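Labels below follow one simple rule: chain letters A, B, ... track the order of the sequence lines, proteins then strands, and each chain is numbered from 1. Given the structure is predicted, the values throughout are model-derived calculations rather than measurements. Just the heavy atoms: all of them, side chains too, but no hydrogens, waters or symmetry mates, feed the values below.
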Amino acid sequence: MSKTLVVLLGPTGIGKSDLSINLAKYFNTEIISSDSRQVYRELSIGTAVPPPEDLQQVKHHLIHSHSIYDYYSASKFEQDVLKILDDLFKEKNVVIMTGGSMLYIDAVCKGIDDIPDADPKLREQLIQEYNEKGIEHLRITLKRLDPVFYEQVDLKNHKRLLHAIEICLIIGKPYSSLRTGNAKKRPFNIIKLGLKREREELYDRINKRVDQMIEMGQIEEARKVYPLRHLNSLNTVGYKELFSYFDREISLEKAIELIKRNTRHYAKKQLTWFRKDEEINWFHPDEENQIIHFIESKLS
RNA sequence: GGUGCCAUAGCUCAGUUGGUAGAGCAAUGGACUGAAAAUCCAUGUGUCCCUGGUUCGAUUCCAGGUGGCACCA
């Protein structure tokens, strides 16, 4: 029997976690989380990590597996997942991957080009240059280092410019020379399942979940990591807004309102990304039986 | 019951000395290859409460109605 990775995706708050546990039980398998923030062990409430009793029911991978101090990326995620899958497929025919981090999901399903890791010192230096000299400086630098990519890149997005420049400097040739855009072949089948609800209902669930997070102690969780607020891993919805509250820039009420709005925006962005992926088979979260039948029809 | 004030975008409101309208917030569409819950781009939203009158023309002025608020009974 061929090996199959079932990818359960959808916007935040749609109801992926509960369904993934049921599916994992049904197929007697384990779950890999594809969530760029649940990997951090210092974060739980604000990243909506499932409660311990849920995590105990089925073995989960890549939840609380790293520290907020660690440098993590889509590429590292790809490597981590492939290693875990290699292991799991020795025993299992089906593995479930669930989460909503779009780029991370694509890194596993389609692969990501072979590009060296960013050098923290160089990045810091480039960020400082950007802060001092502005985006036009980045544009000029990139145009000189990689005129091909310069024509393709969003010239208003400093992160894209900065990353291209740092890679050019590290490898000593244009960043675009490493960008193939080719999908990698995987030694297993992939089934993508997308979960969908009415937009209004989704937003309602998100708003209520934020209120629940606050009740569960999200303010305290954020306060604990507040001294580390400069870390990229903490540039995250549910934390950055509370940091502003701790700084007395906004009221607590305002912070909660912003967490709700920013989470809704995130969900919308996820929907935009997933919409163009024609490999996704869409279901309502309540259609568990149909989903199981669908998966079984694809296993052979 | 009487008097006064109000009625404009999903919400809070501004405005039109009469030529059918705009802010904030919310919302919507999109981009995306090692920072991605990040970063970046774009976009409106309308029986101006209803009916009649005056007027070339009314969301704007007038009258009546309806609803809301306040005060008086």
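When the P atom is compared between B:A14 and B:C5, the two are found 16 Å apart, to the nearest whole Å. Atom P of B:G46 sits at a distance of 36 Å from the matching atom of B:G4, rounded to the whole Å.
Ring pair A:Tyr40/A:Tyr72 is perpendicular by interplanar angle, where above 60° counts as perpendicular and below 30° as parallel.
Within 4.0 Å (heavy atoms only), A:Tyr239 reaches no atom of the nucleic acid at all. Nucleic acid contact class of A:Tyr40 (heavy atoms, under 4.0 Å, all strands): none.
Ring to ring, A:Phe283 and A:Phe294 are close: their centroids are under 6.0 angstrom apart. Between A:His158 and A:Tyr130, a ring centre-to-centre spacing shorter than 6.0 Å is recorded.
With a 3.5 Å ceiling on both atom-pair distances, the Watson-Crick or G-U wobble partner of B:G1 is B:C72. Checking B:G29 for Watson-Crick or G-U wobble geometry (two distances, each under 3.5 Å) identifies B:C41 as its partner. When both distances must be under 3.5 Å, the Watson-Crick or G-U wobble mate of B:C56 is B:G19.
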Start with the C-alpha gap between A:His64 and A:Gln38, add the side-chain angles, then the distance that decides, and say whether side-chain contact (heavy atoms from CB on, under 4.5 Å) holds. CA-CA 6 Å; A:His64 290 169; A:Gln38 290 183 359; over 6 Å; no
What pairs of nitrogen or oxygen atoms, one from the protein and one from nucleotides 39-42 of chain B, lie under 3.5 Å apart?
| from | atom 1 | to | atom 2 | distance (Å) |
| --- | --- | --- | --- | --- |
| B:U39 | O2' | A:Asn157 | OD1 | 2.4 |
| B:U39 | O2' | A:Asn157 | ND2 | 3.4 |
| B:U39 | O2 | A:Asn157 | ND2 | 2.8 |
| B:U39 | O4 | A:Lys269 | NZ | 3.1 |
| B:C40 | O4' | A:Asn157 | ND2 | 3.3 |
| B:C40 | O2' | A:Asp154 | OD2 | 2.7 |

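For B:G34, neither phosphate oxygen OP1 nor OP2 lies less than 4.0 angstrom from any side-chain nitrogen or oxygen of A:Tyr104. Between A:His265 and B:U28, a side-chain N or O to OP1/OP2 separation shorter than 4.0 Å is absent.
Residue A:Asn262 contributes atom CG, which lies 14 Å from atom C1' of B:C25 at whole-angstrom precision.
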